[in-house]
K.L.:
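Encoded as structure tokens, here's the structure I'll be asking about.
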Amino acid sequence: MSDSPAANSPAPEVPAKTMEQIVALCRRRGFVFQSSEIYGGINGFWDYGPLGTELKRNLKNAWWQDVVQRELIGPHGEPIDVVGLDCTIIMNPKVWEASGHVGGFSDPMVDCRETKQRYRADHLVVLGAVEAGARLWAFVEGDDAGRAKAIKGICKYEKREALDAARHIVRPYPTVPADERARIVGPDATEVGTLTEPRQFNLMFKTLVGAVEDPGNYSYLRPETAQGIFVNFQNVMDSTRVKIPFGIAQIGKAFRNEVTPRNFTFRSREFEQMEIEFFIHPSEAATWYAWWRDWRFSWWQSIGLTSANLQLREHDRDELAHYAKEGAGTSDIEYRFPFTAPGYGELEGVAHRSDFDLRAHATASGKNDKAKHFDQARNERYFPHVIEPSAGADRGTLALLCEAYTPDPSRPSGVFMKFNPRMAPVKAGIFPLVNKDGMPEIGEKLFRTLRKKHVVEFDEKQSIGKRYARMDEAGTPFCITIDSESLTAQTVTVRHRDTQQQEKLAIDAVPAWLDAQIGTDS
RNA sequence: GCGGGAGUAGCUCAAUGGCAGAGCAGCUGCCUUCCAAGCAGCAGGUUGCGGGUUCGAGUCCCGUCUCCCGCUCCA
């Protein structure tokens with residue numbers, strides 16, 4: 001519950017939405033269930049129920065349509081080429097060695113909070129006096145410069161000329177007791193206590209390929225979909241008439257053994273990504289980076305994240321990932337979830353990955369410079385740079401749920417889900433006002449017509465108010481009621497979810513009207 | 001990973017260590033001409049899971065799982 005006294009926040013009397021309420025509605029109405037719930041669940045895994053499945057599918061379909069299938073006009077006013085790809089979850093383990101996922105993340109690691117550097121714990125040693133209260137210096141074993149720096153630090157700190165071999169000893173970092181770690185200066189740090197505990201970073205799920213239990217048969221579930229695109233870059237170039245600049249898009253599952261899954265579906269161990277790797281000439285990185293960043297931000301707005309809860313945030317230099325240290329930058333498109341408020345959580349990252357990945361795979365596969373792309377228009381050979389807009393489908397779905405959740409004490413349901421019509425799991429409910437006088441027959445006929453293109457529901461049971469209330473909680477934007485005038489004047493009454501206002505429409509006009517409301521009329 | 005809290009029907013909650021219940025929601029039928037109306041009925045549970053104490057455990061004890069909150073983490 002966020003009650004930050006933002007001076008410009010409108011409508012203060014709207015009841016706050018809590019994550020607890022949203023989770024309860026998701027479960028009650030079948031948006032999201034806990035995975036394996038009857039066995040007590042499993043931490044970090046979630047299932048989508050019937051409504052949630054439609055919602056997530058609508059999100060993914062909209063992304064695919066807008067990124068791959070429909071015309072998209074780029075920064076120079078020309079249509080953009082993006083082609084699709086669908087790679088396997090399990091790949092040759094060499095992919096993950098080349099990408100840096102295996103080497104860096106299977107051993108205990110130590111992070112420096114000050115410099116954001118990461119070290120293998122078993123490579124770090126600590127130099128200093130063993131006595132209580134002494135300041136200690138860490139450096140990477142075998143790094144002579146680091147050792148010299150540590151010695152210099154000690155001498156200066158203790159105001160002495162040289163080390164005292166009896167007191168100043170070198171110890172492996174993992175053997176230093178936890179209570180002494182607060183006094184350690186990290187290898188590249190200037191202050192004490194910035195190193196974390198050694199931690200196991202085995203974030204990839206390991207699995208056995210083939211029936212024989214043999215270490216050589218292990219591989220991993222992919223921790224990101226991006227690498228499948230990079231290793232297929234040449235295949236796509238060779239089999240498709242695309243020319244740089246162009247993009248490859250993929251939607252698919254990825255897996256990370258997160259230390260702490262938390263916040264509903266936000267940090268799950270199995271999740272789905274929607275990624276574009278857009279390949280460009282290095283000189284155009286800044287232009288394309290800015291264009292994708294801005295277009296992606298407006299896209300999230302276009303599917304319903306219209307509130308001030310959506311923001312675009314440029315990363316600080318020291319926050320950049322290893323593959324993006326140099327380059328045009330990285331931005332996060334962030335949403336203020338109830339559980340992050342007043343802070344924000346990442347929906348999508350847009351990063352200039354430079355040529356990090358293509359170059360890494362060129363080296364690891366032994367192709368080296370032979371893997372460089374020849375650009376005929378420029379008569380130049382180079383590793384293309386990459387702009388990567390990488391979005392989370394589950395996080396996007398969660399943001400849609402949080403954004404849509406609208407408490408309204410005046411309604412019988414007490415809440416309604418204000419989905420954008422394009423995202424709404426059910427587009428319309430078709431209800432005979434009463435279950436007689438031929439109204440059910442007319443309704444069922446309309447239902448069959450609309451059903452050819454849209455997810456719609458037909459319900460003739462119980463009172464009309466109850467049916468409206470149910471549709472409010474499902475987020476259905478329109479309810480189409482067959483009433484007595486449907487029999488005489490061939491009209492229906494459309495009830496709008498958000499306003500509860502009603503309007504009359506000719507029955508024959510309903511299909512085209514609904515198409516237009518959802519944006520599928522073109 | 002650390003600390004705190006919670007867990008009984010789909011939901012909200014009852015049940016002194018002594019037969020596991022109610023309201024709402026759901027389903028069936030009747031009724032019903034616009035926002036969860038009414039009537040009748042049905043169904044819903046190994047009290048998160050596993051041990052222990054006891055003649056007897058939803059209740060007491062131990063363990064464990066899951067969720068929530070705060071740290072930590074998030075290549």
Side-chain angles (χ1 to χ4, degrees), chain A residues 1 18-30 33-46 49 96 99-107 109 111 113 116-118 178 196-204 223-224 226 256-264 266-269 271 319-324 332 338-340 345-346 349 351 392 395 408 410-416 429 431-437 439 460-473 479-488 492-497 499-502 504:
Chain A
M1 201 178 294
T18 67
M19 210 52 217
E20 211 176 355
Q21 295 169 324
I22 294 170
V23 172
L25 180 133
C26 283
R27 180 179 154 56
R28 186 171 77 241
R29 296 311 313 263
F33 304 125
Q34 201 180 358
S35 172
S36 327
E37 195 192 52
I38 62 167
Y39 290 109
I42 175 167
N43 198 356
F45 297 88
W46 299 91
W96 307 112
S99 69
H101 286 84
V102 171
F105 305 106
S106 49
D107 297 303
M109 304 295 285
D111 287 312
R113 296 190 188 90
K116 309 291 180 193
Q117 293 290 313
R118 171 162 286 167
T196 63
E197 304 290 307
R199 288 167 303 198
Q200 198 74 32
F201 272 83
N202 214 342
L203 291 191
M204 283 197 294
E224 62 176 28
R256 295 181 195 179
N257 233 331
E258 296 287 357
V259 178
T260 313
R262 192 66 79 87
N263 290 332
F264 202 29
F266 184 78
R267 181 170 303 132
S268 302
R269 289 182 163 138
F271 56 99
E319 199 182 345
L320 298 177
H322 61 92
Y323 51 73
D332 280 350
F339 51 80
T340 60
E346 179 188 346
R395 289 180 173 190
D408 181 353
S410 75
R411 298 185 188 220
S413 53
V415 62
F416 69 106
F431 303 145
L433 186 56
V434 288
N435 196 9
K436 60 182 184 186
D437 297 343
M439 292 183 200
E460 57 189 356
K461 297 286 175 63
Q462 298 172 316
S463 76
I464 192 73
K466 203 168 214 171
R467 285 175 273 171
Y468 287 159
R470 273 197 285 253
M471 288 293 102
D472 276 352
E473 282 199 332
C479 290
I480 300 166
T481 304
I482 314 299
D483 52 29
S484 56
E485 289 178 48
S486 305
L487 309 166
T488 57
V492 292
T493 303
V494 176
R495 180 255 195 191
H496 292 256
R497 175 196 64 203
T499 61
Q500 298 177 276
Q501 300 291 307
Q502 301 191 336
K504 293 274 182 191

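Owing to the predicted nature of the structure, the values given are computational and were not obtained by experimental measurement. In what follows, chains are A, B, ... by sequence order, proteins preceding strands, each numbered from 1.
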K.L.:
Calculate the interatomic distance between A:E346 atom CD and B:A75 atom C1'; express it in whole Å.
P.N.:
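A:E346 atom CD is separated from B:A75 atom C1' by 12 Å.
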K.L.:
Tell me whether the OP1 or OP2 atom of B:G26 has a side-chain N or O from A:R470 closer than 4.0 Å.
P.N.:
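So the side-chain polar atoms of A:R470 do come within 4.0 Å of the phosphate oxygens OP1 or OP2 of B:G26, strictly under.
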K.L.:
Looking at B:C35, I'd like to know if its phosphate oxygens (OP1 or OP2) sit under 4.0 Å from a side-chain N or O belonging to A:Q502.
P.N.:
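The answer is no; no side-chain N or O of A:Q502 sits under 4.0 Å from OP1 or OP2.
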K.L.:
Applying a 4.0 Å non-hydrogen cut-off, can you work out what A:R256 is touching in the nucleic acid: base, sugar-phosphate, or nothing?
P.N.:
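Base contact.
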K.L.:
May I ask you to evaluate whether A:K466 reaches the phosphate of B:C35, defined as a side-chain N or O under 4.0 Å from OP1 or OP2?
P.N.:
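So the side chain of A:K466 is outside the cut-off, no N or O lying under 4.0 Å from OP1 or OP2 of B:C35.
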K.L.:
Kindly indicate whether a cation-pi arrangement holds for A:R495 with A:Y468, taking the cut-offs as under 6.0 Å to the six-membered ring centre and within 45° of the axis.
P.N.:
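The answer is yes; both the distance and angle limits are met.
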K.L.:
Return the value, rounded to whole Å, for the distance between atom CD1 of A:I482 and atom C1' of B:C34.
P.N.:
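Taking atom C1' of B:C34 as the reference, CD1 of A:I482 is at 13 Å.
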K.L.:
Give the B/S/- string for nucleotides 5-12 of chain B, one per nucleotide from 5' to 3', where a protein heavy atom under 4.0 Å of the base yields B, of only the sugar-phosphate yields S, and otherwise -.
P.N.:
-----SS-
K.L.:
In whole Å, what is the span from the NE2 atom of A:H496 to the C1' atom of B:C35?
P.N.:
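Distance check: A:H496 NE2 to B:C35 C1' gives 15 Å.
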K.L.:
Within the structure shown, what part of the strands sits under 4.0 Å from A:D437 by heavy-atom distance: base, sugar-phosphate, or nothing?
P.N.:
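Base, at least one base heavy atom under 4.0 Å.
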K.L.:
Judged by each residue's nearest nucleotide on RNA chain B, which is more toward the 5′ side, A:S413 or A:L487?
P.N.:
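Here A:L487 is the residue nearer the 5' end.
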K.L.:
Which is it for A:E473 and A:F416 under the side chain to side chain contact (heavy atoms under 4.5 Å, CB included) test, yes or no, and what are the steps along the way?
P.N.:
CA-CA 5 Å; A:E473 282 199 332; A:F416 69 106; over 6 Å; no
K.L.:
Mind checking what makes side-chain contact (heavy atoms from CB on, under 4.5 Å) contact with A:S36, not counting sequence neighbours?
P.N.:
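Listed in chain order: A:I42.
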K.L.:
Main chain of A:G49, side chain of A:R29: is a donor-acceptor contact present, judged purely on distance under 3.5 Å?
P.N.:
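Not confirmed, A:R29 side chain does not pair with A:G49 backbone.
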K.L.:
Please write out the pairs of protein N or O atoms and N or O atoms of nucleotides 67-71 of chain B separated by less than 3.5 Å, giving the distance to one decimal.
P.N.:
from	atom 1	to	atom 2	distance (Å)
B:C67	OP1	A:N43	OD1	3.2
B:C67	OP2	A:N43	OD1	3.0
B:C68	OP1	A:F264	N	3.3
B:G70	O6	A:R262	NH2	3.1
B:C71	N4	A:R262	NH2	3.4

K.L.:
Would you kindly give the OH-to-C1' distance between A:Y468 and B:U33, to the nearest whole Å?
P.N.:
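Answer to the nearest Å: 11 Å.
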K.L.:
If only side-chain N and O atoms of A:S484 are considered, is one of them under 4.0 Å from the OP1 or OP2 phosphate oxygen of B:U33?
P.N.:
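So the side-chain polar atoms of A:S484 never come under 4.0 Å of the phosphate oxygens OP1 or OP2 of B:U33.
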K.L.:
I'd like to compare against my own output: the B/S/- annotation of nucleotides 38-48 of chain B with a strict under-4.0 Å heavy-atom distance to protein.
P.N.:
-----------
K.L.:
Output the rounded distance in Å from CG (A:D483) to P (B:U33).
P.N.:
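Taking atom P of B:U33 as the reference, CG of A:D483 is at 12 Å.
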K.L.:
Which sits closer to the 5' end of RNA chain B, A:E460 or A:S410, going by the nucleotide each is nearest to?
P.N.:
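Nearest-nucleotide comparison on RNA chain B picks A:E460.
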K.L.:
I need the CD-C1' distance between A:Q500 and B:C35, as an integer number of Å.
P.N.:
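Atom CD in A:Q500 sits about 7 Å away from atom C1' in B:C35.
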K.L.:
Which nucleotide wins on minimum distance to the side chain of A:S463, given the candidates B:C34, B:U32, B:A37?
P.N.:
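Nearest nucleotide to the side chain: B:A37.
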K.L.:
Show me the dot-bracket string of RNA chain B, counting Watson-Crick or G-U pairs under 3.5 Å, with | for pairs to another strand and [ ] for crossing ones.
P.N.:
(((((((..((((....[..)))).(((((.......))))).....(((((..]....))))))))))))....
K.L.:
The side chain of A:I464 is closest to which nucleotide in this list: B:C34, B:A36, B:G26?
P.N.:
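The answer is B:C34.
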K.L.:
Within this structure, what is the CD-to-P distance between A:E37 and B:C65, rounded to whole angstrom?
P.N.:
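Whole-Å distance recorded here is 18 Å.
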K.L.:
Please identify each residue that fulfils ring-ring contact (aromatic ring centres under 6.0 Å, His included) with A:F339, with sequence neighbours left out.
P.N.:
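A:F266, A:F337.
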K.L.:
So, is A:K461 near the phosphate of B:G26, with a side-chain N or O under 4.0 Å from OP1 or OP2?
P.N.:
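False: A:K461 side-chain N/O out of range (4.0 Å or more) of B:G26 OP1/OP2.
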K.L.:
What integer distance in Å separates A:K436:NZ from B:G29:P?
P.N.:
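It is 16 Å, rounded to the nearest whole Å.
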